[in-house]
Amino acid sequence: MARLLLFSLLLFLLVPCPAGSTEFTDAVGRRIELDAPPQRIISLAPAVTETLYAIGLGAKIVAATQYCTWPEEARQLPRVGEYADPGLENILLFRPDLVIASADMNRPALVERLTELGIPVYVVYPRNINDALATIRALGELGGNSTAAEKLAEDIEVRLARLAAKLAGQNKPGVLGTVMLDPLTVAGPETFVSDIISRAGGRNLVPPGPSRYPAWNDESLLTTDPDVIIVTNHPGQPDPTLYFKRWPQLRAVQAGRIIEINADWIHRPGPLMILGIETLARALHPELDIEVPK
Amino acid sequence: MIAVSNLAFSFGPKAVFSALNLTVRRGEILSLLGPNGCGKSTLLRLLRGNLRANGGQITWAGIPVSEIPAAIMARKVAVVPQGMQASFPFKVKELVAMGRYPHRKNLLSFADREDQRVIRRALAMTDIIGLAERPVTRLSGGELQRVLLARALAQEAETLFLDEATSHLDIDHRLELSELLVRLNRELGTTIVQVSHDLDLAAAMSQRILLLNGQGEIAAEGAPGAVMTAENLRRVFRVDVKVEENPYTGAPQIHPLLSGVVPRLETAKIHLICGGGSGTTLLRRLHLAAAELSAGPLNEGDSDEVLATALGIPLVRELPFSPYSPTALEETAAMVDRAEILIIATQWWGAGNLACLELAETALKKGKTVYLLGTERGRDYTDGDAEKKIAILRGLGARSVENEELLLERLGRKAL
Amino acid sequence: MKVQSGAKTAWIRRAALLLLPLAALAWSLAAGSLELSWSELAALLLQGPGDGIEQTILWRIRLPRALLAALVGAALSLSGTSFQAVLRNPLADPYLLGVSGGAALGAVAAISLGFTAALVPPLAAFIGALTALALVYLVARAHSCSTHTLILSGVMVGSLAAALLLFLLWRAPSDATRQAVFWLAGNLSLATPGWLAWGWIWVGSGFLLLWACAPQLDLLTQGEESAADLGLNVARTRLLVFTLAGALTACAVALAGLVGFVGLVIPHICRLLWGPGHRLLIPLSALFGGCFLMIADAIARSVYAPAEIPVGVVTALLGAPFFLYLLRHKGDGL
């Protein structure tokens, strides 16, 4: 009798999930279980917030970071801090049933602590466009709205394919993607921006190196002499036009090809990235008359 | 040449000098002697203005020391410091050349051709020409002291201050250096003021000696023969010495009497009744003298109890702040029985410890020797009972001894 | 000690001294993203400045930068030498007495308040460095500026500045943080060439004044009391040397951020090689420090070109093993 009891107990423990619960594996290989589609989500990354809104799950977000600024409703969300260090207590106060974190931005220790406290944490880690598309689909399944997610992903894929067809056979201008100007920091080949550049029909001129976002000096800039320089506007940064005007020898300066693009479109692996790609493609290949939907 | 009047100086709350008067005469050799911590080195610093006095006045040829700039002072007096630790590897000749700084003419260097001659002579006089190229970090303590002397000589000042400058030297170099100083004094008229621990050497070379006691007062001053007396030295250094005249030089020569410092009392069996710190000195000294010692009764936490416990002396303990109980007194009586000598160091009497005097009476009747420490009347809180008892004890043959030193001396004599 | 004697080694040393700055400058001009062979370099130098990309890089980027490296290296090394002598402490470096903390705080405060125009952070760093030094000096003066009090109050002022700095960085937006950190790590690419001339005048006069203090510095190494006994006005000399060394450090920090290691170790290396006498030590440590930083910067620019690694990493990687080697063989020289 005792043996039977023990056996059934073991059996009970071995059963992976009780009826109704679903298991997910996140981008860093962690497994989480959800009994039902989450109703109280905290998003710790702007791209995740954007995606959730785009697939109709915005109403389920109870809090986000202070950098979550799109769409307009997202600005009204309660804040749990910056993504580098959202307050643990802050997060708990919102009684979330799911926290979505980003492997790029949140420290593993935070994920660990939240898991210890019994809060399911799903970690996303999109490093390129394909990852970002997969993340959109994964978030759809996670939130119980795969249909909308699938539609969003497919829509982006269609636009990407259309763009690729147009760009086929075109020459690829050399591009330097800057992240900030003071100090001059550029996007290396292993970055999301780099994938944006190549999808837009450009060639990232930054060679592989020890740092993904290396610091460059004026000499590197002059030696590389890119056809196009991408800049993003930040408060507290020098005016890009004035900054590059110091070196009129540069081809990009002579041809007026210092392109300013909304930083959120090219740095965030969310639904807006397609806008970044299309805008950049249009700037890189003005002769092709690429359309960018409003 | 240097006149000090009413000098007062203190390190924080600790007064070093309160009203010191002294003069240093041009062309003399003056030695400052005294126990550790009496302020000899401090006095040298005050004299040359390195320390500011709190009161009184120090003048050099009538000019207050505080008004003499460092650069001028360095031409008046050169200092040989106590051996310091060299931390930068200057060559010996470079270090000696620094002595030329007060005479410097060239902006960038210490020494021109004329200076080089002075430097070489200083090296020669101190017997370190062979070390000239050696880094000072690689010298022995004695070698370094000679280098520092050479640097002071290179300064060509009319006065030389030596602050225990010979303490690290071998006997031959110490004598040689003394001779050198005497010669400088005789031939160039250099005034020399030295702080020393070497009483013999100081007595031999000085024209005048200033003996400071532990309170920073002048205990004696004058010619070596007049100052270096056994009486003076015992007063200042608390050791018994014998002073003889050196048959060759006529200078006083000091022989410490080692037996006077720690008598040997291995055979003596002593019980000590004390308390409240009255037994501190005796407990320590008798312990050092290897006497078979016991003590008590003592209240726990009493300073004498703490000391006796630390020294491992067998003792009878009583509860803190309590009168001595019959049990404690019985135990003590047993201890006194085993001893041959009973010393009563206790200085005040009350109802709680009066019984100790009865113990002493019993001991006297059993033929033991009893010493009463201190001749002055102790404090009596027993309406004269204690005083009467003590009178009885005296009548029975108890001996009063003035202080610990005399008691130890008597015990030592008895033991021999 | 075999290095000490022998006409041959003395000759080598003298020749090395003459060739070192030229070699360092040549290397610094040849190294970088754009690879130049020695003959190309020679040709470009003979051509003079011009509009071509190579000429622009050589004359408008590399030459000012090499001169800046020489200037900063010399300033740090000089002030390290002086601080070590005055404080009689082998661990003293230009940043010890709160100078780095003050400079960093000044610069980061300017950056985080949004004053990011090219001129402001360096100026703020300069002011911060001198303010910290003055504070340290005023505190220590209450105890007649004993070296221990100076070092302790320096460390305290440094910690205080560091705490304020961390607070500023914590509340600054991430761009400003990166800017600040980049600056704190030391970087020679930030200074505008226009500053170079002023820097040279500043460092040049600091050097001459310190050199004129060489005998006084020698005396200070003997300790306060001995120095005073030898006729030195210790308090005044120390204040003078402090001000000079502090001004040199502040200048270096303003031009290049916190470049570590040079000011700590180059003086030691020079002392091991040429002895502790400041008449030689002052010019040689300036020379050696300048050359060292030129070479280190050339390496920092070229190893992962076109990316640049922090020059402080290179100075430590180059200098520490050399210093350890010297310690092993001539260790008692410290």
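Sequence lines set the chain letters: A, B, ... in the order given, protein chains first and strands last, and positions in each chain run from 1. Any value given below was found using the heavy atoms of this structure, including those in side chains, with hydrogens, waters and symmetry copies removed.
- Under the 6.0 Å distance and 45° angle rule, Arg246(A) counts as a cation-pi partner of Tyr243(A).
- Contact tally against chain C (heavy-atom pairs below 4.5 Å) for Leu221(A), Thr224(A), Thr223(A), Val186(A): the top residue is Thr223(A).
- Checking each of Thr51(A), Thr65(A), Thr49(A) against Ser43(A) for a side chain to side chain donor-acceptor pair (under 3.5 Å) leaves exactly one that passes, namely Thr49(A).
- Rounding to the nearest 0.5 Å gives a distance of 6.5 Å between CG of Leu36(C) and CG of Leu58(C).
- Between atom CZ of residue Arg127(A) and atom OG1 of residue Thr135(A) there is a gap of 9.5 Å, rounded to the nearest 0.5 Å.
- When heavy atoms are compared at a cutoff of 4.5 Å, Leu34(C) approaches chain A by way of both its backbone and its side chain.
- By number of non-hydrogen pairs under 4.5 angstrom with chain A, the leading residue of Arg62(C), Glu54(C), Arg65(C) is Arg62(C).
- For the options Ala215(A), Pro207(A), Pro214(A), heavy-atom pairs under 4.5 Å to chain C are most numerous at Ala215(A).
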